[in-house]
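Both counts, for ligands and for their atoms, begin at 1 and track the order of listing.
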Amino acid sequence: MDLTKLTAVQRRLIKKNYKICVVGAGHVGLVSAACFSELGYRVICVDNDKKKIKSLKEKTLPFYEPGLDSIVIKNINRGNLVFTSALPQSVKKSDVIFIVVGTPPLPDGSADLTSIENVARVIAKNLNSYKLIVEKSTVPVQTGSKVKETICRYRKNNTEFDIASNPEFLREGKAIYDFFHPDRIVIGVEYERAEKILKSLYSSIKAPIVVTDINTSELIKHASNSFLATKISFINAVAHICDLAGANVKKVALGMGLDKRIGKDFLDAGLGYGGFCFPKDLEAFIYISKKLGYIFGLIQEVKSINDQQKKYFVEKIKEHLWVLKNKKIAILGLSFKPDTDDMRFAPSIDIVNLLVNEGAHLKLYDPQANNAAKKILRNKKITFAKNAYDAVRNCDCICVLTEWEEFKKLDFSKIKKIMHYPLLADGRNMFDKKQIEVLGFKYIGIGT
Ligand code: UDX
């Protein structure tokens with residue numbers, strides 16, 4: 001087969017006349033579908049959750065992501081974006097298919113690739129013309145070759161197709177900005193024709209493009225997230241030493257971060273990382289490395305420092321309040337980070353459970369995640385508040401677990417008057433210790 005020769009369909013693809021199918025309307029899938037449609041492509045977004053598709057058709061989004069609703073509504077209205085649960089028909093109608101289904105963690109830490117396999121089989125059975133199949137879900141290295149094998153096994157004839165890897169680096173809360181202004185676009189391909197299609201697909205986005213083989217591209221994603229998590233655990237470990245030695249981790253991070261080789265991002269000490277990406281990706285990276293024959297002890301330690309961080313915070317509160325039984329504690333911030341209502345693997349879950357197990361009574365408040373949290377955090381010792389002032393009334397301690405901008409604007413003089421005991425445990429180092437202490441508060445930070 002002469003792979004340098006392009007068929008009519010491939011030529012059409014390179015001329016940007018794509019029909020894109022995005023399989024999976026989760027955070028990355030929906031953002032990608034919406035942003036591709038915003039770039040002018042015709043996009044079919046498929047999800048097997050019929051309820052989700054019904055509400056998307058009615059222009060209701062399944063999660064909160066700043067700016068996403070207006071892009072979705074605009075592109076539904078101009079006919080560039082459609083939602084459906086019919087995967088076979090969508091495959092037949094599309095030229096480029098992005099697989100963006102979930103790869104949740106299994107109990108042993110490995111990624112559950114069942115949904116990827118299912119989608120690959122449906123694609124195979126409906127392969128009616130050349131298609132470029134792109135894995136965008138975060139997957140362990142060597143998944144691309146498994147997807148290729150699966151499609152070859154189940155396709156009915158010899159219709160050509162290519163596999164590519166194009167990992168996503170979107171941050172929740174900043175996903176739209178990240179899609180249009182990425183630091184880099186990573187493309188893992190086997191053949192030049194797939195590279196050409198993907199490059200033209202992203203041609204209106206200004207960013208360096210890293211072209212690699214598929215295994216390397218898959219590895220870039222796991223290595224990037226693991227490295228970012230390493231920076232976080234590193235600074236959290238340094239924060240412990242700062243606490244012991246009477247130093248200030250914020251200044252240590254500043255002094256380190258100004259060195260361009262280190263960089264200042266991801267050096268905020270606090271309660272550690274959460275969210276749906278880092279915890280599961282680290283587990284999966286540890287698992288796949290071991291399977292390949294390498295024990296990734298460094299990443300195991302990163303994970304263990306992250307797990308300890310929440311216990312460390314609760315221990316610090318206990319040092320001040322002594323017995324936590326029947327103490328009233330206000331929790332400000334529940335989502336794993338600001339600007340999202342995502343509670344998946346949020347540090348707040350462990351901290352709330354640790355405090356409840358100690359017998360404390362908790363009043364919780366998050367600007368966006370109260371509803372999501374109510375489904376996870378259920379206990380007779382837990383109540384939810386409508387706002388921060390309602391949460392802190394009569395409490396013995398305020399725990400700030402997520403650095404929402406709204407909390408910076410709180411009137412702490414007013415808060416001190418309505419609290420029972422003025423203790424502020426700042427799990428995100430978002431307040432200035434001296435300014436808070438001047439108001440008469442006791443202040444607990446992480447390494448400050
Ligand atoms: C992350 C990656 O950034 C993104 O590239 C990837 O594709 C998906 O996972 P996201 O999960 O949205 O994105 O969160 P991110 O903004 O990266 O933060 C991750 C976690 O690290 C949060 O819990 C955050 O609070 C924590 N964090 C971040 C710190 O504790 N300290 C820091 O300095 C930075």
Side-chain angles (χ1 to χ4, degrees), residues 26-29 31-32 63-66 68 100 102-103 105 135-139 165-179 181-186 207 217-218 220-239 249-250 252-254 256-257 262-285 302-303 305-310 312-313 333-351 366 369 400-405 426-430 445-447:
H27 221 108
V28 175
V31 169
S32 304
F63 51 81
Y64 171 69
E65 177 63 42
L68 182 59
V100 205
T103 53
E135 45 169 46
K136 215 178 213 341
S137 303
T138 301
V139 288
S165 156
N166 172 222
E168 198 45 79
F169 302 98
L170 303 177
R171 291 165 298 175
E172 286 184 26
K174 298 194 171 80
I176 307 293
Y177 177 87
D178 286 349
F179 186 93
H181 308 91
D183 287 343
R184 78 301 205 187
I185 293 167
V186 175
S217 167
E218 291 167 338
I220 287 172
K221 172 70 190 209
H222 266 164
S224 300
N225 277 1
S226 300
F227 188 78
L228 290 169
T230 304
K231 281 189 94 174
I232 298 170
S233 281
F234 184 89
I235 202 68
N236 281 335
V238 172
V249 75
K250 284 191 193 177
V252 174
L254 178 68
M256 287 171 63
I262 296 173
K264 61 181 170 36
D265 293 337
F266 275 67
L267 284 181
D268 291 328
L271 299 170
Y273 57 81
F276 199 53
C277 291
F278 283 4
K280 90 173 161 59
D281 290 355
L282 263 70
E283 289 276 10
F285 200 27
V302 166
K303 183 176 149 343
I305 291 172
N306 198 60
D307 292 344
Q308 285 304 318
Q309 205 60 11
K310 290 154 271 197
Y312 180 55
F313 183 65
L334 299 165
S335 56
F336 83 96
K337 64 173 194 175
D339 295 320
T340 174
D341 60 354
D342 198 339
M343 284 296 295
R344 291 176 296 178
F345 296 98
S348 66
I349 299 171
D350 288 342
I351 291 167
D366 186 282
V400 177
L401 306 187
T402 317
E403 66 277 35
W404 282 94
E405 200 56 35
D426 180 2
R428 296 292 177 181
N429 287 347
M430 69 180 290
I446 308 274

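Under 4.0 Å from any atom of ligand 1, one finds heavy atoms of residues Glu168, Phe169, Leu170, Arg171, Glu172, Lys221, Asn225, Ile232, Phe266, Leu267, Asp268, Gly272, Tyr273, Gly274, Cys277, Phe278, Phe336, Lys337, Arg428.
Checked for salt-bridge contact, Lys337 and Glu172 miss the test: no charged N lies under 4.0 Å from a carboxylate O.
Minimum heavy-atom separation, Ala253 to Leu267: CB-O, 3.4 Å. Listed here is the closest heavy atom pair of Cys277 and Asn225: CB-ND2, 4.1 Å. What you find for Ile446 and Gly427 is that their closest heavy atoms are CG1-O, 4.0 Å.
Remark: Tyr177 pairs with His181 by the ring-ring contact (aromatic ring centres under 6.0 Å, His included) rule, at least two apart or across chains.
Residue Glu168 is tested with Lys136, Lys221, Arg184 for a salt bridge (charged side-chain N to carboxylate O under 4.0 Å, His left out); the sole match is Lys136.
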